[in-house]
Structure formats: structure tokens, C-alpha cells
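A short write-up of the structure that comes next.
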Amino acid sequence: MKILVTGGAGFIGSAVIRHLINDTSHSVVNVDKLTYAGNLESLVSVTDSGRYAFEKVDICDANEVKRVFEQHQPDVVMHLAAESHVDRSIDGPGEFMQTNIIGTYTLLEQARSYWQNLPENQKANFKFHHISTDEVYGDLPHPDTHDGELPLFTETTAYKPSSPYSASKASSDHIVRAWHRTYGLPTVITNCSNNYGPYHFPEKLIPLMILNALDGKPLPVYGKGNQIRDWLYVEDHARALVKVAAEGQVGETYNIGGHNEKQNIEVVATICNILDELVPNSRSYKELITYVEDRPGHDMRYAIDSTKIKNDLGWVPEETFESGIRKTVQWYLDNQEWCQRVQDGSYQRERLGASS
Ligand SMILES: NC(=O)c1ccc[n+]([C@@H]2O[C@H](COP(=O)([O-])OP(=O)(O)OC[C@H]3O[C@@H](n4cnc5c(N)ncnc54)[C@H](O)[C@@H]3O)[C@@H](O)[C@H]2O)c1
């Protein structure tokens, strides 16, 4: 298949493309605007494969998106392009509304017109895979304040987004479902929990903690650090996404999660323990932990029930949190030049999203 991947220069998109080129025979067209979060350096290992093409295109630009469809004739679209950082969405929600809502709408419209004109056999096999987040469901009861069984997000959990980011992703999910129901566009949606792993932009919790610790800088933990996320190693997510793109049932939604509920403070402490072992210092890195003002509207707990993708498509994660976080810390130790280059000029690990 020829797969059009949007946002392929980002954290998850680049993992998807590396997986597609290294482990399958599919070819890829990467459509990316290259915002601060997009780095073609994350793709150097696949660019000369002969099955990879890059288009620097904004998904909000209908004419350019149309040209890309006509020129490359994809069989499948995997739509990952988005503004993705909650803290940035608090500081400046406009870009999130533009890319995540208008961009998804623009891509859907161009996909629809391309799909409608395909020959019957290609039309029957075409698929538009929209990649979304568990944050659309809002937050779940937290063990500190809830007695009894703790619920998980399922594919039928009602949407209740809390941040400008999650609200824009929820909107895009609704628009994708409407294009399936109204126009019959063959769509499939996945909602995934927090990812971590190599090539993660250093503004997100795990790379920020690793890099600050190595520089001897404070490790800023929001609020009490007791917020729970369900962590999934990015390469496990990439494998799940390619499975859904190839085998997922049209019209369906699949939740993807790692069965790894951890409080943020546990994640930070684990990173410190690994660094204490790999790069020992006179004092433990834990002494750098600093509690800072919480994020406005911060969701307390996310956790995914991924029974459906396991039963229907046979996907389960390969990494445990312990194996994945160790690989991740090692990757950042081995790739500090990448970290330096992607931060140059744009982001210097300052606090984002503190203002309500
Ligand atoms: N990171 C997570 O933990 C997580 C979890 C679940 C779902 N998701 C979803 O997965 C997708 C990818 O997330 P990520 O963490 O890789 O994000 P990212 O911010 O690392 O990458 C986003 C990519 O999209 C590109 N992009 C942004 N605006 C664009 C536009 N207008 N036109 C074309 N390209 C544009 C950027 O240049 C970048 O390469 C997003 O849709 C996100 O909502 C992320």
C-alpha cells in the first residue's frame, strides 16, 4: 500500500514511518508543515529507502492537500498532524483550533473528493485513519478521592474534554465520524494514552525530566505530582496504528493503552533511579525534584481499557513500563545532539501553560 501519513515528522508520526519502512513493504508519503515539533532528522534512517517521499504542506491548505492526493494516489491516510501539547494550548489555543479542527476538516474534504473518484476496487479498499487521544474523554476518578473499583475509558465513554487541546481533538473526532456517517467515507478512529520513547520533543514530561536532570536543573513536578497517566511506549503505539490502518473495521473506534497507570511523581522518581545507576552523581537526581503550581484544568487520571483492539486485532504492547523507560533514558543519553538541535531557537525548556 501507499500510505499518506500526516504529521510524520513528529514524535509518533516518525515512529510510524520508521516502522512502516523498516518492518513492512508499504511506501509512505509524509505530509508535514514542520512546526517547532516536526523534525526531519527523526527520519534520516528511512529517507533513502526508495519508499519514502516528503511533502512540506500545511493540512489547512486545501489546494496543496488536493495536489498531494492527485500526485501520490494513496491507498490509506493515517492522520497524525496536530498541535499536541496541552500547555501550549493554554498559552495559545488558536493554532490548535486551526490545525486540529480546520486542518482535519480540510483533509477530510480532500480525501472525500479523491476517494469518490477512485476506480471501484481502490475505492472499496481506501481508508482514512484518524489518530486521536484518550484526553477527549476528560478525567477519571482518582484512587486518592475514590473508593471502590476504578473505571477505565472504553470506546463508548462519553466525551468530556478539559483543555483547549483535548477539546480540539474531540471536535476533530466528531467531524471524522460525521464524514463517515453522512458521506460514507471509510474512516477508523483510534484514541491512545500518553506515549513516551525516543524522539520525543523535550517539552514533554519524560524528556524534560531526563534532560533537566543531566543539566543539574530543577525537575518541575506539577501540583502534588499525583496525576495518573497510562503510559505506552511509542513503538507499541506505532505497531497498533499500522495494524488498525491495515485491518481495522471501517466505522469503528479502537482505544489503545499500555496498562501502565503511573503517577507523574513515580515516573520522575523512576527516571532519577535509572540516571543514578547509569550516570551517577555525588547526590541523587531526586534532590532536583521541585513542586510547581499545577496546570489549570489538569485532569487527574487517564486509563485505557484496550480489550477491543486486543480481541479484534490481536494487538498487545510488547514493552512494559520498566523496559520502555530504561530504553528511553538510554536513548536520550545517546542522542543529546538531537535534543540540542531540535531545541535550538525555539524552546529552552521554560515553563509553558501556567496562566489560566
Ligand atoms: N503524544 C502523545 O502522547 C499522544 C497520545 C495520543 C494521541 N496523540 C495524537 O497523536 C498525534 C501525533 O502526536 P505527536 O505527539 O507525535 O505530536 P507532535 O507534536 O510531536 O507532532 C505533530 C506533527 O504534526 C505536524 N503539524 C502540525 N501542524 C501541522 C499542519 N497544520 N499541517 C501539517 N503538519 C502539521 C508537526 O510539524 C509535527 O511534525 C496527534 O494527533 C496527537 O493528538 C498523541
Side-chain angles (χ1 to χ4, degrees), residues 4-18 29-43 54-62 64-65 68 77-89 94-107 110 129-137 153 161 163-173 176 189-207 229-238 240-241 244 254-258 260 267 302 304 306 324 328 342 346-347:
L4 190 162
V5 177
T6 72
F11 168 49
I12 301 172
S14 68
V16 167
I17 294 178
R18 289 190 302 271
V29 183
N30 175 15
V31 173
D32 200 297
K33 177 183 169 183
L34 297 183
T35 67
Y36 79 95
N39 297 290
L40 292 177
E41 261 194 74
S42 310
L43 293 162
F54 174 62
E55 291 279 2
K56 185 174 186 305
V57 166
D58 183 340
I59 56 163
C60 299
D61 183 338
E64 273 294 274
V65 174
V68 168
V77 175
M78 296 179 76
H79 174 35
L80 295 102
E83 288 292 335
S84 72
H85 189 192
V86 176
D87 286 341
R88 284 184 190 261
S89 83
E95 280 292 309
F96 288 72
M97 305 302 131
Q98 194 60 30
T99 286
N100 299 0
I101 304 176
I102 302 300
T104 300
Y105 155 73
T106 305
L107 192 66
Q110 294 311 318
H129 177 185
H130 177 63
I131 285 86
S132 191
T133 164
D134 61 354
E135 301 196 26
V136 298
Y137 300 124
F153 295 134
S163 70
Y165 163 65
S166 55
S168 68
K169 290 297 291 187
S171 307
S172 67
D173 293 9
V176 171
I189 298 177
T190 49
N191 295 85
C192 186
S193 59
N194 277 51
N195 283 215
Y196 69 99
Y199 301 100
H200 208 180
F201 193 77
E203 67 188 357
K204 302 281 175 87
L205 178 74
I206 288 177
R229 301 292 180 262
D230 177 357
W231 293 95
L232 179 67
Y233 192 63
V234 67
E235 291 173 12
D236 276 324
H237 189 197
L241 293 178
V244 170
Y254 300 90
N255 279 358
I256 307 172
N260 282 311
V267 171
Y302 302 138
I304 287 268
S306 50
T328 305
V342 300
S346 59
Y347 174 66

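Counting convention: from 1, in listed order, for ligands and their atoms alike. Just so we're clear, the structure is a prediction, and the values are computed from it rather than from any experiment.
Comparing heavy-atom distances from atom 32 (N) of ligand 1 across L232, N39, I59 singles out I59 as nearest. In this comparison of S132, S172, A37, the heavy atom closest to atom 7 (C) of ligand 1 sits on S132. Counting heavy atoms only, A82 comes closest to atom 22 (C) of ligand 1 of the residues S193, G7, A82.
Inclusion of L80 in the set of residues having an N or O under 3.5 Å from an N or O of ligand 1 is warranted. In terms of polar-atom proximity, defined here as any N/O pair under 3.5 Å, T35 does make such a contact with ligand 1. Ligand 1 has a nitrogen or oxygen under 3.5 angstrom from a nitrogen or oxygen of G10.
Of all atoms in ligand 1, listed by their number and element, those nearer than 4.0 Å to a heavy atom of L34 are 37 (O). In the vicinity of A9, heavy-atom distances shorter than 4.0 Å reach the ligand 1 atoms 39 (O). Residue V57 has at least one heavy-atom neighbour below 4.0 Å for each of these atoms of ligand 1: 32 (N), 33 (C).
No donor-acceptor distance shorter than 3.5 angstrom exists from the side chain of R18 to the backbone of G13, with no hydrogens or angles considered.
Considering only non-hydrogen protein atoms, atom 38 (C) of ligand 1 sits nearest to D32 OD2, 3.6 Å. Closest protein heavy atom to atom 16 (O) of ligand 1: I12 N, 2.7 Å.
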